[in-house]
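Okay, so here's the structure we're looking at.
Residue numbers begin at 1 in each chain, while the letters A, B, ... track the order of the sequences.
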2 protein chains.
Amino acid sequence: MIQDPQLDDTFAALANGTRRAILARLAKGQASVNELAEPFDMSLPAISKHIKVLENAGLIERGRDAQFRPCNLNAAPLREVSNWAEQYRHIWEDRFDRMDTVLQQLKEETNE
Amino acid sequence: MIQDPQLDDTFAALANGTRRAILARLAKGQASVNELAEPFDMSLPAISKHIKVLENAGLIERGRDAQFRPCNLNAAPLREVSNWAEQYRHIWEDRFDRMDTVLQQLKEETNE
DNA sequence: GCTACAATAAACTGGTTAGTTAATTAATCA
DNA sequence: TGATTAATTAACTAACCAGTTTATTGTAGC
């Protein structure tokens with residue numbers, strides 16, 4: 001469950017702002033490589049490589065429409081990311097519980 | 001929101017099974033470097049470096065207790081990961097809705 | 001077949017990562 | 001002070017990553 005190469009690939013793919021921006025664009029619908037590249041001050045091959053990283057991580061699926069290779073978002077791996085992170089929710093929420101405890105103690109001490 | 005170096009660092013830190021295993025161990029409570037290293041077939045300096053990566057990503061905080069440098073989990077960055085992934089929940093859940101649409105269209109086309 | 005456009009591949013560079021072994025620092029204890 | 005233990009630093013290697021420019025592939029349309 002912990003040694004999960006799929007999760008390695010997903011997290012690695014997400015560890016880059018350009019790639020997260022590409023996913024955000026695809027959340028609004030299908031796009032060609034040129035359309036995806038347009039907002040970035042970066043060469044087309046660079047974007048092409050980012051797309052390949054996302055595709056290898058299973059976050060993008062592609063088709064063929066004439067010369068175009070339309071990209072579609074596949075969010076399934078993000079569900080795994082969400083599931084993984086949720087394991088730790090009780091810990092980041094506990095912080096506040098503990099904070100409450102501290103505040104409660106302070107209050108009691110003050111009232112003494 | 002998308003170009004977020006903090007998120008870059010967090011995802012990069014999580015893109016490694018050894019580091020995720022270290023976090024899983026720390027979810028059960030504080031541990032020293034040697035305790036964290038014990039389950040792995042890897043040199044101590046290698047683990048020390050993994051810990052530093054996690055620390056730089058803000059996922060671990062450390063203290064000092066005699067010779068020991070106890071590690072504690074800080075789950076706050078994981079909340080950001082969770083929040084980020086949740087943006088896409090409607091998409092991975094929508095898949096079935098769209099599947100329904102496609103099936104509906106197929107049915108209509110077949111009936112023509 | 002030629003031209004134009006979309007996209008990828010090849011070859012290269014500089015910087016980073018994951019690991020190693022050997023040396024070093026820091027704290028405890030006798 | 002000297003020995004022991006915990007942990008990090010230094011120096012190194014092999015592999016990988018993000019970007020570049022140039023060259024190539026694949027498809028459409030004339």
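Here the P atom of nucleotide D/dT8 and the CD atom of B/E55 are 8 Å apart, to the nearest Å. Here the C1' atom of nucleotide C/dA18 and the CG atom of B/L14 are 17 Å apart, to the nearest Å. To the nearest angstrom, C1' of D/dC17 lies 15 Å from CG of B/D9. In this structure, A/Q67 atom CD and D/dT27 atom C1' are separated by 5 Å, rounded to whole Å. The nearest whole Å value for the distance from the CG atom in A/L36 to the C1' atom in C/dA6 is 13 Å. If you take CZ of B/R20 and P of C/dA18, they are 12 Å apart, rounded to a whole angstrom. The CZ atom of A/F40 sits 12 Å away from the P atom of D/dT20 (whole-angstrom rounding). If you take NZ of B/K52 and P of D/dT8, they are 8 Å apart, rounded to a whole angstrom.
With D/dA7, C/dT8, C/dA22 as the choices, the nucleotide that has an atom nearest any side-chain atom of B/V33 turns out to be D/dA7. Which of C/dT8, D/dT9, C/dT28 sits closest to the side chain of B/P45 comes down to D/dT9. The side chain of B/S43 lies closest to C/dT20 when the candidates are D/dA7, C/dT20, C/dT8. Distances were taken from every side-chain heavy atom of B/A46 (C-beta onward) to each of D/dA7, D/dT27, C/dT20; the shortest belongs to C/dT20. Checking C/dA27, D/dA7, D/dA18 against the side-chain heavy atoms of B/N34 singles out D/dA7 as nearest. For B/K49, the listed nucleotide lying nearest its side chain is C/dT20; candidates were C/dA7, C/dT20, D/dG19.
When the nearest nucleotides of DNA chain D are assigned to B/R64 and A/M42 by heavy-atom distance, the more 5′-ward of the two goes with B/R64. The nearest heavy atom of DNA chain D to A/D65 and to A/A15 marks one nucleotide each, and the one closer to the 5' end goes with A/A15.
Under the 4.5 Å side-chain heavy-atom criterion for grouping Ile, Leu, Val, Met, Phe, Trp and Tyr, A/L44 is not connected to A/V53 through any hydrophobic cluster.
Electrostatic pairing of B/E86 and B/R89 counts as a salt bridge here, judged by a charged N lying under 4.0 Å from a carboxylate O.
Using the six-membered ring where Trp is involved, B/F11 and B/W84 have ring planes that are perpendicular, over 60° apart on the 30 and 60° scheme.
With hydrogens and angles disregarded, no donor-acceptor distance shorter than 3.5 Å links the side chain of B/R62 to the backbone of B/N72.
Side-chain contact annotation: B/T10 with B/Q6, donor-acceptor N/O pair under 3.5 Å present.
Of the side-chain N and O atoms in B/H50, one or more sit less than 4.0 angstrom from OP1 or OP2 of C/dG19.
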